[in-house]
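In what follows, a single structure is set out as structure tokens and then discussed.
All chains are named by letter (A, B, ...) in the order of the sequence lines, taking the proteins before the strands, and each is independently numbered beginning at 1.
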Protein chains: 2
Amino acid sequence: MQVTGTATQILDVAQELVQTRGYNAFSYKDLEARVGIRTASIHYHFPTKADLGTAIAKRYRDFVNSKFAEYEAKEVTAPKRLQRYAGLLESVLTKGNRICVGGMLASDYATLPLEVQTEVSAFIHDNERWLARVLKEGRAAGELAFDGTPEVLATTLFSALEGAMFVARSTGDHGRYRRTAEWLIGTLMSPRVAARRR
Amino acid sequence: MQVTGTATQILDVAQELVQTRGYNAFSYKDLEARVGIRTASIHYHFPTKADLGTAIAKRYRDFVNSKFAEYEAKEVTAPKRLQRYAGLLESVLTKGNRICVGGMLASDYATLPLEVQTEVSAFIHDNERWLARVLKEGRAAGELAFDGTPEVLATTLFSALEGAMFVARSTGDHGRYRRTAEWLIGTLMSPRVAARRR
DNA sequence: GTCTATAAGATGATAGAC
DNA sequence: GTCTATCATCTTATAGAC
């Protein structure tokens, strides 16, 4: 049985609409039927759309950050941690053709309220920072081999996976996401690349 | 001195708004002041927003396809052709913080009129097909070295560059795009060719 | 907390005059 | 081709009753 509070229900529904349609393509009216209360009542919980957008972005960032902690606790090697990360985004894509909240809001960036923009920038920063750390440790441990700095590769990985979600959705081919993720991680583990570095 | 027709002017302004704000975040009203005619007049040229969106997408796809031909004519090696391609998107980003029309519309995909969706899918297909061909020929010529199929790497490259545009814009750091592009192309270049470049 | 009622403005589009 | 006028609807709220 669902014991979820109204505010959480609103966030759940609104987040799904952000992920499928984008920030500018959903309205309080869209939430009405799905949540089961009137738009005026939704405004009670989230006075403005900026408040709602900020809450969605903050909650999602917290969620992903908690996944980082989980992957570090459960997986010992860098390749496994990267696979978990790629798998997280893949599950988002698979579950209702959704896009990562961070990636979708990044596409809406120019039109977002300032507070939401700040959250989006922070989300990207969190992701890239974690990826860079995993990459750095993985290279130090000899589990990964790559040229350049962990930071550059981190932003490349993040960009590629987020972009792949859009591409997969627009081509109706989720396999495109999976193959992109596998190529990226596979290349980082490749002996050929390892050999090149010596 | 005039030269540019009204329809073209409308397309120019509307395209810029698509690239900066997205399909759902601009209106005929936004075009009014910038084009210098009333919304009713814009409806004369493009009866519905779907017509306008389709025209923007088609024209942009033609433009990019013409660039493919140009790069093949002007550049002989695969790395150079890829650098030109990455440079094209970089110029889009640098010129007014714009996003590639294809990438931005891919982010709006679920809310697009069917005709525009079809154009977006075709745009992605065109880009991936050209990239796959360049990659395949480059590997055959010994200019590039990579694991996996040209097709998988093509979709990875496209996803990464499109994603990097969003990331660059949301972080206010265009350098992120450039470094991503350089890492990707640099990684593909064989040790032999890479050594020759120094 | 949720409702009805209402508001001001935006939006996509059409009719008909010039 | 461009205009004014008008439209039905949507959007983001706010006020006040229950």
TODO: Using the six-membered ring wherever Trp is involved, compare the ring planes of Y60(B) and F63(B) and label them parallel, tilted or perpendicular (cut-offs 30° and 60°).
DONE: tilted
Any [X] side-chain N or O less than 4.0 Å from OP1/OP2 of [N]:
{"X": "K29(A)", "N": "dT11(D)", "result": "no"}
{"X": "H45(B)", "N": "dT2(D)", "result": "yes"}
{"X": "S41(B)", "N": "dC3(D)", "result": "yes"}
{"X": "T6(A)", "N": "dT2(C)", "result": "yes"}

Task: K58(B) to F123(B), cation-pi by 6.0 Å centre distance and 45° axis angle - done: no
TODO: Measure from NZ or CZ of K49(A) to the centre of the six-membered ring of F26(A) and say whether it is under 6.0 Å with the direction within 45° of the ring axis.
DONE: yes
Task: Rounded to 10 degrees, the angle between the two terminal axes of the helix from dG1(C)-dC18(D) to dC18(C)-dG1(D), each from five pairs - done: 0°
Per [X] side chain, nearest of listed nucleotides [options]:
{"X": "S27(B)", "options": "dA13(C), dT11(C), dT4(C)", "answer": "dT11(C)"}
{"X": "A40(B)", "options": "dT12(D), dT4(C), dA15(C)", "answer": "dA15(C)"}
{"X": "R38(A)", "options": "dC3(D), dC3(C), dA13(C)", "answer": "dC3(C)"}

Would you mind reading off the distance between [X] atom [atom1] and [N] atom [atom2], rounded to a whole angstrom?
{"X": "R21(B)", "N": "dA10(C)", "atom1": "CZ", "atom2": "C1'", "value": "12 Å"}
{"X": "D30(B)", "N": "dG9(C)", "atom1": "CG", "atom2": "C1'", "value": "14 Å"}
{"X": "Y28(A)", "N": "dA13(D)", "atom1": "OH", "atom2": "C1'", "value": "9 Å"}
{"X": "I42(B)", "N": "dT2(D)", "atom1": "CD1", "atom2": "C1'", "value": "11 Å"}
{"X": "E32(A)", "N": "dT11(D)", "atom1": "CD", "atom2": "P", "value": "11 Å"}
{"X": "H43(B)", "N": "dC7(D)", "atom1": "NE2", "atom2": "P", "value": "17 Å"}
{"X": "D51(B)", "N": "dG12(C)", "atom1": "CG", "atom2": "P", "value": "13 Å"}
{"X": "K49(B)", "N": "dT9(D)", "atom1": "NZ", "atom2": "C1'", "value": "15 Å"}

Between [X] and [Y], is there a side-chain N and carboxylate O pair less than 4.0 Å apart?
{"X": "D173(B)", "Y": "R176(B)", "value": "yes"}
{"X": "E151(B)", "Y": "R179(A)", "value": "no"}
{"X": "E32(A)", "Y": "K29(A)", "value": "yes"}

Open item on the list: So that I know where these two stand, are F46(A) and Y28(A) an aromatic pair - ring centroids less than 6.0 Å apart?
Closed with: no
- [ ] Pick base, sugar-phosphate or nothing for Y44(B), based on heavy-atom distances below 4.0 Å to the nucleic acid.
- [x] base
